[in-house]
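To start, the structure under review is shown below, and the notes come after it.
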Protein chains: 2
Amino acid sequence: MKLTTRGRYAVTAMLDLAINGGPQPVSLADISGRQEISLSYLEQLFAKLRRNELVTSARGPGGGYRLARSGTDIFVAQIIDAVDEAVDVTNCQGKGNCHHGETCLTHDLWEDLSGQIHDFLSQISLGDLMERRQRQRTTARPVEGLLQTLSLG
Amino acid sequence: MKLTTRGRYAVTAMLDLAINGGPQPVSLADISGRQEISLSYLEQLFAKLRRNELVTSARGPGGGYRLARSGTDIFVAQIIDAVDEAVDVTNCQGKGNCHHGETCLTHDLWEDLSGQIHDFLSQISLGDLMERRQRQRTTARPVEGLLQTLSLG
DNA sequence: CTATTCCCGAGTATTTTAGTCAAGAATAGC
DNA sequence: GCTATTCTTGACTAAAATACTCGGGAATAG
């Protein structure tokens with residue numbers, strides 16, 4: 001699991017789609033305009049999102065992208081996984097053939113840590129983010145809303 | 001909060017220091033040899049770790065680095081923060097002067113998400129990682145040990 | 001037909017990452 | 001004091017990743 005700006009772009013775009021979309025598709029040009037992400041960059045991201053079956057597409061005028069399923073069933077981890085390929089975290093390619101006693105420390109450690117983060121982001125759906133956004137709009141104290149909604153307890 | 005290979009290097013090196021160090025300092029050359037991280041790269045990382053008061057240094061023969069305090073009081077998030085400067089997550093530099101209705105969606109959303117991850121990594125200390133490593137060495141089933149030790153419940 | 005939109009691959013500028021190199025300062029042990 | 005060791009610093013560089021451009025195509029609504 002990596003956490004970069006690309007993942008942020010993808011989550012933002014997907015959230016835009018969740019908010020502004022519905023039965024009718026949303027064009028990448030629209031998202032590009034609203035979120036100020038370059039159109040061709042979005043094209044690349046959505047190619048991956050589509051291959052990972054997070055969105056469906058419709059060509060031609062009035063076409064665009066739709067969420068492949070309900071926002072409550074699309075999770076942040078899935079979006080990030082779709083656009084940010086996993087890093088190769090080992091220096092022995094998982095073969096365990098490291099000579100020194102301390103080696104492969106790296107591998108197990110980081111796999112577990114990023115696994116934990118992955119699990120965490122697997123619990124947050126686009127629906128959660130939308131709900132949180134709604135709350136932020138309507139209430140005076142925005143942050144606590146999210147923290148209560150999302151915190152693991 | 002970013003999650004890159006640099007942070008992994010830093011956590012690995014700090015864990016090596018926690019395991020192989022103690023009252024007497026550990027030289028970067030030793031860590032470099034064990035963890036197969038280039039010496040000069042380690043130098044750069046440890047400069048940052050020292051500025052962030054996570055390690056102390058001793059020059060001269062027999063010198064090296066020591067943890068600035070107990071491993072149970074040094075947390076993964078602190079290490080990553082020290083070496084991976086935070087990304088600028090806003091496109092309006094936090095001024096909130098975005099014209100379109102949907103903008104700054106990015107900012108709040110990502111700040112909160114990465115805040116959550118940060119909080120999570122703030123709960124895992126070097127001591128936890130050492131304990132977990134110990135467990136992994138002595139028990140047959142390694143993974144479950146960590147999951148129980150570290151999981152949020 | 002035509003404009004719109006997705007689709008795809010190749011190419012490119014910028015930034016980041018990972019690493020090199022060289023000079024210097026402190027210090028332990030002789 | 002000399003010397004080897006080790007940190008300290010800064011500048012520089014190669015390679016990779018990132019963010020983006022460009023150009024052409026294919027589907028399709030009107």
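Residue numbering restarts at 1 for every chain, and letters A, B, ... go by the order of the sequence lines. Note that this is a predicted model, so its numbers are computed, not measured. The analysis underlying the following values was restricted to heavy atoms, covering all of them including side chains, and did not include hydrogens, waters or symmetry mates.
A:Asp81 places a side-chain heavy atom less than 4.5 Å from the side chain of A:Met1. The side-chain heavy atoms of A:Leu17 and A:Leu126, taken from C-beta on, include no pair separated by under 4.5 Å. Residues A:Arg132 and B:Asp112 meet the side-chain proximity criterion, which asks for heavy atoms closer than 4.5 Å. A:Lys2 has its side chain out of reach of B:Leu3: every pair of non-hydrogen atoms, C-beta onward, lies at least 4.5 Å apart. Side chains of B:Met14 and B:Ile74 form a contact here, defined as non-hydrogen atoms less than 4.5 Å apart.
With sequence neighbours left out, the side chain to side chain donor-acceptor pair (under 3.5 Å) criterion links A:Asp84 to A:Thr4, A:Arg6. Every side-chain contact (heavy atoms from CB on, under 4.5 Å) that B:Ser70 has, sequence neighbours left out, goes to B:Thr72. For A:Ser40, the side-chain contact (heavy atoms from CB on, under 4.5 Å) criterion is met by A:Ser38, A:Glu43, not counting sequence neighbours.
Put simply, CD on B:Gln24 is 19 Å from P on D:dT5, counting in whole angstrom units. Nucleotide D:dT18 holds its C1' atom 15 Å from the CG atom of A:Leu42, rounded to whole Å. For the pair B:Arg6 CZ and D:dT18 P, the computed distance is 13 Å after rounding to whole Å. Atom pair B:Arg66:CZ and D:dC7:C1' shows a separation of 13 Å (rounding to whole Å applied). Atom CG in B:Leu3 sits roughly 16 Å away from atom P in D:dA17 (whole-Å rounding). One interatomic measurement links the two molecules: CG of A:Leu45 to P of D:dA17, which rounds to 17 Å at whole-angstrom precision.
Judged purely by atom type and a 3.5 angstrom limit, A:Asp119 has no side-chain atom pairing as donor or acceptor with the backbone of A:Gln116. Within the 3.5 Å criterion, the main-chain N or O of B:Glu53 finds a donor-acceptor partner in the side chain of B:Arg69. Of the possible donor and acceptor atoms, one in the side chain of B:Gln78 sits under 3.5 Å from a partner among the backbone N and O of B:Phe75.
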Any protein N or O atoms within reach of nucleotides 22-28 of chain D? Criterion: under 3.5 Å, listing atom names and distances.
from	atom 1	to	atom 2	distance (Å)
D:dA27	O4'	A:Arg59	NH1	2.6

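At the heavy-atom level, A:Ala58 lies under 4.0 Å from the strands shown only through sugar-phosphate atoms. Counting non-hydrogen atoms under 4.0 angstrom, A:Phe46 reaches nothing in the nucleic acid. When heavy atoms are screened at a 4.0 angstrom cut-off, B:Leu28 is found touching the sugar-phosphate backbone but no base atom.
Annotation: the terminal axes of the helix from C:dC1-D:dG30 to C:dC30-D:dG1 meet at 20°, where each axis is the rotation carrying the C1' atoms of four end pairs onto the next four (5 pairs per end, rounded to 10°).
The side chain of B:Tyr41 places no N or O atom within less than 4.0 Å of a non-bridging phosphate oxygen (OP1 or OP2) of D:dA15. Within the structure, every side-chain polar atom (N or O) of A:Thr4 is placed at least 4.0 Å from both OP1 and OP2 of D:dA17. The side chain of B:Arg50 places no N or O atom within less than 4.0 Å of a non-bridging phosphate oxygen (OP1 or OP2) of D:dT6.
Take the nearest nucleotide of DNA chain D for B:Ala47 and for A:Ser38: the residue whose nucleotide is more 5' is B:Ala47.
The footprint of chain B on DNA chain C, defined by a heavy-atom cutoff below 4.0 Å, extends from C:dT17 to C:dA28.
In this pair, B:Tyr65 and B:Phe46 present their aromatic rings tilted. The plane angle is within the 30 to 60° band.
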